Amino acid sequence: MSTEDVTLTAGDAEVTVQPGNGCRIGSLRIGGVELLRQGKKYGCFPMVPWCGRIGDGRFRDGADVHQMPLNSPPHAIHGFARDAEWRTARTSKTEAVFTYDLADPWPYPGRVTQIVELTEDALTLRMGIETRGGSFPAQAGWHPWFNRVLADGGEPVRIDFAPAWQEERGDDHLPTGRRIDVRPGPWDDCFGMPDGVDVTLTWPEQLEVNVKSREPWVVVYDEQEAAVCVEPQTGPPNGLNTDPRLVTPIEPLETSTTWTWRRL
């Protein structure tokens, strides 16, 4: 199995996946226009086996407390997969499958699979976590960096969505557990969308991208000048402690997101 970049094409859409760099989507071009911020740490990376921050890097599983490395002190953030080498399992012109085996310092054996599928007007990302032993808590999601302004200029992107609530964010950047009315941006915040994530990004007179997922959680980050992030995920930040999803021998954790676009 290879770690070389994989490029998929459908119509005038082209996506490049970098399995050797955290299996991130390194590029998404529509009609030659790049949608994602470029750079080794950007593009769109999978967040797994957790999303966002874990408070002080610690989470509890029953009587056991596990300490994760503090890669965003004083917290641990976004899992390990974005910094790992994945392997390409198979590819075609429009679809590719990648795998990553969970390893130390994650305390549980398991395998993550990401499937990338491209059509002329949509990109679908699917992720699954399987255990290679007992059950364990986990999360999965995606962290895209969409360019605020497209490469050929134009107005900045507009973010439109109608969440049911906003998770109150404490001074430590973790949700406090209180659900509040949605406050105006800029945001580095988690929102609840119980009917599924549905966020529209509009670059006026250029392009519209609709980000959907069946998951009820989305983090929106638009405090940066160059890019905005719309992150569908299976639980809120610090969710390993507050809203854990269990991966079991008979029930893997499975999630997906689809981005659909149209020209304006």
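Excluded from the calculations below are hydrogen atoms, water molecules and symmetry mates; all remaining heavy atoms, backbone and side chain alike, are included. Since the model is a prediction, treat every value here as computed from it, not as a measurement.
Side-chain atoms of Ser213 come within 3.5 Å of backbone atoms of Ser256 as a donor-acceptor pair (strictly under, hydrogens ignored). In this structure, the side chain of Asn71 engages the main chain of Ile77 through a donor-acceptor pair within 3.5 Å. Arg24 contributes a side-chain N or O that, together with a main-chain N or O of Lys41, makes up a donor-acceptor pair within less than 3.5 Å. Listed for the Asp222 side chain is no donor-acceptor partner under 3.5 Å among the backbone atoms of Cys229. Judged by distance alone, the side chain of Arg148 and the main-chain N or O of Glu225 form a donor-acceptor pair under 3.5 Å.
Between Thr94 and Thr9, the closest side-chain pair of non-hydrogen atoms is not below 4.5 Å. Side-chain contact between Pro252 and Glu130 is present, with heavy atoms from C-beta onward closer than 4.5 Å. Side-chain contact check for Pro144 versus Trp259: some heavy-atom pair is nearer than 4.5 Å. Looking only at side-chain heavy atoms (C-beta outward), Phe146 and Leu36 come within less than 4.5 Å of each other. Between Ile54 and Asn241, some side-chain heavy-atom pair lies under the 4.5 Å cut-off. Between Pro232 and Trp217, the closest side-chain pair of non-hydrogen atoms is not below 4.5 Å.
For Trp50 and Phe136, the ring centers sit 6.0 Å or farther from each other. Ring centers of Trp187 and Phe161: under 6.0 Å apart, within the cut-off. Ring centroids of His78 and Phe45 are separated by less than 6.0 Å, placing the two rings close together.
Glu167 has a carboxylate O that lies under 4.0 Å from a charged side-chain N of Arg179, or vice versa, which qualifies the two as a salt bridge. Contact check on Arg87 versus Glu85 returns a salt bridge, with a Lys/Arg side-chain nitrogen under 4.0 Å from an Asp/Glu carboxylate oxygen. Salt-bridge check for Glu251 with Arg245: failed, with every basic side-chain N at 4.0 Å or more from each acidic carboxylate O. The pair Asp160-Arg158 counts as a salt bridge, with a side-chain nitrogen and a carboxylate oxygen less than 4.0 angstrom apart.
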Worked check of side chain to side chain contact (heavy atoms under 4.5 Å, CB included) between Ile25 and Val116: CA-CA 9 Å; Ile25 308 299; Val116 180; 4.1 Å; yes
Ser27 vs Glu34, side chain to side chain donor-acceptor pair (under 3.5 Å): CA-CA, chis, key distance, verdict: CA-CA 7 Å; Ser27 172; Glu34 180 61 63; 2.5 Å; yes
Worked verdict on Phe98 versus Val17 for side chain to side chain contact (heavy atoms under 4.5 Å, CB included): CA-CA 10 Å; Phe98 307 91; Val17 189; 3.6 Å; yes
Full working for ring-ring contact (aromatic ring centres under 6.0 Å, His included) between Tyr100 and Trp106: CA-CA 13 Å; Tyr100 161 63; Trp106 187 248; over 10 Å; no
Candidate pair Asp181 and Trp165, rule side chain to side chain contact (heavy atoms under 4.5 Å, CB included), full reasoning: CA-CA 5 Å; Asp181 293 338; Trp165 70 84; over 6 Å; no
Stepwise side chain to side chain contact (heavy atoms under 4.5 Å, CB included) check, Lys212 with Thr257: CA-CA 6 Å; Lys212 284 191 175 180; Thr257 183; 5.8 Å; no
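Side chains of Arg37 and Gln224: a donor on one and an acceptor on the other come within 3.5 Å. For the residue pair Tyr221/Asp189, the side-chain donor-acceptor check at 3.5 Å is not satisfied. His143 and Tyr42 form no side-chain donor-acceptor contact under 3.5 Å, judged by distance and modelled atom types alone. Using modelled atom types and a 3.5 Å distance limit, the side chains of Thr176 and Glu168 yield a donor-acceptor pair. Using a 3.5 Å distance cut-off with no hydrogens or angles, the side chains of Glu215 and Thr255 do pair a donor with an acceptor.
Considering all non-hydrogen atoms of both residues, Thr234 and Gln139 come closest at OG1-CA, 3.4 Å. Of all non-hydrogen atoms in Leu174 and Gly55, the two that sit nearest each other are CD1-CA, 3.5 Å. Across Leu125 and Cys44, no two heavy atoms sit closer than the pair CD1-SG, 4.3 Å. Among all heavy-atom pairs drawn from Leu240 and Pro49, the shortest one is CD2-O, 4.3 Å. In terms of heavy atoms, Pro46 sits closest to Trp86 at CG-CZ2, 3.8 Å. Between Ala96 and Val6, the shortest heavy-atom contact is CB-CG1, 4.1 Å.
Partners of Glu95 under the side chain to side chain contact (heavy atoms under 4.5 Å, CB included) rule, at least two apart in sequence or in another chain, are Ser92, Ile115, Glu117.
Only one option out of Met127, Gln233, Glu231 pairs with Trp142 in a side chain to side chain contact (heavy atoms under 4.5 Å, CB included); it is Met127. Tested against Asn210, the residues Thr258, Thr200, Thr202, Thr260 include a single side-chain hydrogen bond (donor to acceptor under 3.5 Å, both in side chains) partner, Thr200.
Applying the salt bridge (Lys or Arg N to Asp or Glu O under 4.0 Å) rule to pairs touching residues 253-264 yields Asp12-Arg263, Glu208-Arg262, sequence neighbours excluded.
Rounded to the nearest 0.5 angstrom, Gln114 CD and Thr99 OG1 are separated by 11.0 Å. For the atom pair CG (Asp5) and OG1 (Thr88), the distance works out to 9.0 Å, reported to the nearest 0.5 Å.
Note on Ile30: it clusters hydrophobically with Trp203, by side-chain heavy-atom contacts below 4.5 Å among ILVMFWY residues.
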